[in-house]
Structure formats: structure tokens, C-alpha cells
Amino acid sequence: MTHRTRMRLTLTPQHASPAPTLPAPLTLETVQIADAPALAELMFAAYQGTTDFEAGSTVQDAAEEVAHLLAGEYGEFQAQFSQVVWDGEKAVAAVLITLHESRPLLAFSMTRPDYKRRGLARLALLYSVAALAQAGATHLDLVVTDGNAPAEGLYRQLGFLPL
Ligand SMILES: CC(C)(COP(=O)(O)OP(=O)(O)OC[C@H]1O[C@@H](n2cnc3c(N)ncnc32)[C@H](O)[C@@H]1OP(=O)(O)O)[C@@H](O)C(=O)NCCC(=O)NCCS
């Protein structure tokens with residue numbers, strides 16, 4: 001049976017400082033609703049072969065997941081706190097934030113396989129955290145599947161603690 005752990009980052013004034021810049025030619029933008037197809041394609045690629053990948057799922061399933069997210073199924077989607085890293089027209093990493101039961105929630109973080117381990121999820125998350133801290137948020141919560149080592153490593157490195 002799959003176990004998931006809830007984690008929380010307590011935001012401090014230091015979190016409001018700008019995050020490091022992105023290596024060119026990559027760019028970072030807040031999410032637009034028109035990004036949905038690019039996000040679905042990214043989601044499908046990022047989860048392939050990982051702990052959270054559902055065998056047999058398709059890019060269409062990822063598109064439905066993104067549609068659910070944008071429609072508020074995981075809490076009201078917070079476009080202004082959600083970040084996408086672009087390599088030209090290709091979305092290569094993203095951090096997607098909602099407001100769940102009045103608390104900011106990291107609903108998804110994902111990086112395309114050939115862009116993993118370059119610090120892109122960390123950088124996008126630092127930008128989301130900075131925007132949240134600047135807006136006066138005090139916490140960012142998330143839920144991670146036990147054994148998802150890359151995600152657990154990322155979240156621990158940024159100071160998230162199990163609840
Ligand atoms: C989790 C995920 C978003 C990380 O993306 P990434 O861009 O490769 O992460 P980063 O390069 O920013 O890594 C930041 C830190 O996370 C940890 N980390 C990332 N990948 C790791 C791995 N394969 N093994 C162990 N730790 C890892 C490390 O501490 C890393 O810092 P370091 O490279 O300085 O050691 C990516 O692996 C992914 O898309 N996974 C599939 C989707 C998923 O499971 N998302 C999380 C669900 S909530």
C-alpha cells in the first residue's frame with residue numbers, strides 16, 4: 001500500500017529574497033492558463049518510470065490531471081505563485097501551487113527527464129516560495145509518496161519537515 005507523508009516549510013523573511021538566476025537560454029515564467037497543453041506534456045514525461053507513475057497512463061491522462069488542477073480540484077489554483085521553466089517553447093520544469101483549505105499547497109513539482117538534476121525544480125520552487133513569502137504566506141505544505149527519493153531529497157534540502 002502506498003504511504004504518503006505530509007510536509008511543511010515554515011516561511012521566514014529570508015525566503016522572500018530573490019532566488020538565483022537561471023542558466024541561459026532557459027527562462028522562468030509564472031503559469032498562464034494557456035500553458036495547460038505544455039504542462040500536460042511535461043507531466044507525462046516527468047513521471048515516466050518514477051514511483052508515482054501509473055502504469056498504462058497516457059498523455060491524455062496527464063492533460064486531464066492538469067485540467068483538474070486548473071479547475072481547482074486540489075484547491076484553488078494559484079497561477080501567480082506557480083512557475084514554469086521554459087527551454088524555448090518546451091516546458092522543462094514546473095512547480096504548481098494551490099490554496100487548499102486556506103493553506104498554500106505544492107500540488108506538483110516536475111522536471112523533464114533530460115533536464116533532471118540540474119537544480120531546475122529547486123530553482124522554480126525557490127521562486128514560488130519567494131513569491132509566497134512576499135505575499136505574506138507563512139507556510140507551504142505538500143504531500144510526498146514515501147520512497148520518492150528525488151522528491152524527498154528536494155524537499156528536505158529546502159527545509160520542508162514532516163508533519
Ligand atoms: C522530484 C523532481 C521534481 C526533482 O526535479 P529536479 O529538477 O531533477 O531536481 P533538482 O535538480 O532541483 O534537485 C534538487 C535536489 O533534490 C534532490 N534530488 C533530485 N533528484 C534526486 C535523485 N534522483 N536522487 C536523490 N536526490 C535527488 C537533491 O538533493 C538535489 O540537490 P543536488 O542535485 O544539489 O544534490 C523530479 O525528479 C521529477 O520530476 N520527478 C517526477 C515527478 C515527481 O515525483 N514529483 C514530485 C511529486 S510531489
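In each ligand, atom 1 is the first atom listed, and ligand 1 is the first ligand listed.
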- Selection from Asn148, Leu158, Asp52 by shortest heavy-atom distance to atom 44 (O) of ligand 1: Asn148
- Report, in ascending order of atom number, the atoms of ligand 1 lying under 4.0 Å from any heavy atom of Ala46. 39 (O), 41 (C)
- So, Thr58 and Asp61: side-chain donor and acceptor under 3.5 Å apart, yes or no? yes
- Rounded to the nearest 0.5 Å, what separation is found between the CG atom of Leu28 and the CD atom of Gln83? 4.5 Å
- Item | Side-chain donor/acceptor of Thr30 to backbone N/O of Ser82, under 3.5 Å | no
- Does a salt bridge link Lys90 with Glu41, judged by any charged N lying under 4.0 Å from a carboxylate O? no
- Proximal candidate to atom 25 (C) of ligand 1 [heavy atom criterion; set Arg117, Arg112, Met43, Glu152]: Arg117
- Could you tell me whether some N/O pair between Ala151 and ligand 1 is separated by less than 3.5 angstrom? no
- Closer than 4.0 Å: a protein non-hydrogen atom to atom 1 (C) of ligand 1: yes
- Message: Quick test: of every protein heavy atom, which one is nearest to atom 34 (O) of ligand 1, and how far off is it to 0.1 Å?
- Response: Arg122 NH1, 3.2 Å
- Query: In ligand 1, which numbered atoms sit nearer than 4.0 Å to a non-hydrogen atom of Leu154?
  - Reply: 14 (C), 15 (C), 16 (O), 17 (C)
- Sub-4.5 Å side-chain heavy-atom contact between Leu142 and Arg6: no
- Do any nitrogen or oxygen atoms of Gly119 lie less than 3.5 angstrom from nitrogen or oxygen atoms of ligand 1? yes
- dist Glu76:CD -> Leu105:CG (nearest 0.5 Å) comes out at 13.0 Å
- Check whether any heavy atom of Ala93 sits under 4.0 Å from an atom of ligand 1. no
- Task: Tell me which one of Tyr47, Phe108, Tyr115, Tyr155 gets a heavy atom nearest to atom 48 (S) of ligand 1.
- Result: Tyr155
- Do any nitrogen or oxygen atoms of Val144 lie less than 3.5 angstrom from nitrogen or oxygen atoms of ligand 1? no
- Heavy-atom contacts with Ala121 under 4.0 Å: which atoms of ligand 1 show up? List them by number with element. 3 (C), 4 (C), 5 (O), 6 (P), 7 (O), 9 (O), 12 (O)
- In this structure, CG of Leu26 is separated from CG of Leu120 (nearest 0.5 Å) by 6.0 Å
- Looking at CG of Leu161 and CG of Leu9, how far apart are the two atoms once the value is rounded to the nearest 0.5 Å? 8.0 Å
- Item | Region of Gln157 engaging ligand 1 - heavy atom pairs below 4.0 Å | side chain
- Item | Close N or O approach (Ser109, ligand 1; < 3.5 Å) | yes
- Message: Below a 4.0 angstrom heavy-atom separation, can you tell me which part of Arg156, side chain or backbone, both or neither, approaches ligand 1?
- Response: neither
- Message: Contact between ligand 1 and Leu120 is defined here as a heavy atom of the residue under 4.0 Å from a ligand atom; is it met?
- Response: yes
- Query: For ligand 1, which atoms sit closer than 4.0 Å to a heavy atom of Arg118?
  - Reply: 11 (O)
- Query: Side-chain donor-acceptor pair under 3.5 Å between Tyr47 and Ser57, yes or no?
  - Reply: no
